[in-house]
Amino acid sequence: MRVHQRRDLVIGGYTPGGRNFDAIPVGYYEDRALMFVGKVRAGFTPTLRALVFKKFQGLETDRCPFKNLPESRRSVK
């Protein structure tokens, strides 16, 4: 049985990789806190990946937006 659930997610940054980004961490708001749910890696053509990465430029911060981001070897920008 398939269950189709839907939830709007918020982009919380990107993990650097190669020429642009490796993955986009996403989450949802619970009360006023952004809760991490996972990373999106698939579905980007090389052209789209470059365009999205260009939009990220200038939006970087040293502060992690997620309340519950698990420890990782890679940083979120």
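No experiment lies behind these values; they were computed from the predicted model shown. Counting from 1, the numbers follow the sequence of the chain as shown.
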(message) Between Q57 (side chain only) and K55 (backbone N and O only), is there a donor and an acceptor less than 3.5 Å apart?
(response) no
(message) Checking D31 now: which residues fulfil salt bridge (Lys or Arg N to Asp or Glu O under 4.0 Å) with it, not counting sequence neighbours?
(response) none
(message) Using the rule side-chain contact (heavy atoms from CB on, under 4.5 Å), only one of Y28, Y29, F66 pairs with M35; which is it?
(response) Y28
(request) State, to 0.1 Å, how close G12 and P65 come at their nearest heavy-atom pair, and which atoms those are. (result) O-CG, 3.1 Å
(request) Mind listing the closest non-hydrogen atom pair of V26 and I11 along with its distance? (result) CG1-CA, 4.3 Å
(request) Nearest 0.5 Å please: distance from the NZ atom of K67 over to the CZ atom of R32. (result) 12.5 Å
(request) Could you tell me whether a side-chain N or O of N20 sits under 3.5 Å from a main-chain N or O of F53, the two making a donor and an acceptor? (result) no
(message) Just to verify, what does F44 make a ring-ring contact (aromatic ring centres under 6.0 Å, His included) with, not counting sequence neighbours?
(response) F21
(request) Compare every heavy atom of F36 with every heavy atom of P25, then report the nearest pair and how far apart it is. (result) CB-CE1, 3.7 Å
(request) Can you measure from CG (D22) to CZ (R41) and round to the nearest 0.5 angstrom? (result) 4.5 Å
(message) Please enumerate all residues that pass side chain to side chain contact (heavy atoms under 4.5 Å, CB included) together with L51, with sequence neighbours excluded.
(response) T47
(request) Check the pair T15 / I24 against side-chain contact (heavy atoms from CB on, under 4.5 Å), numbers first and verdict last. (result) CA-CA 6 Å; T15 55; I24 297 175; over 6 Å; no
(request) For R7 and L9, run side-chain contact (heavy atoms from CB on, under 4.5 Å): C-alpha distance rounded to whole Å, both residues' side-chain angles, the deciding distance at 0.1 Å, then the answer. (result) CA-CA 6 Å; R7 171 168 246 161; L9 299 174; 4.0 Å; yes
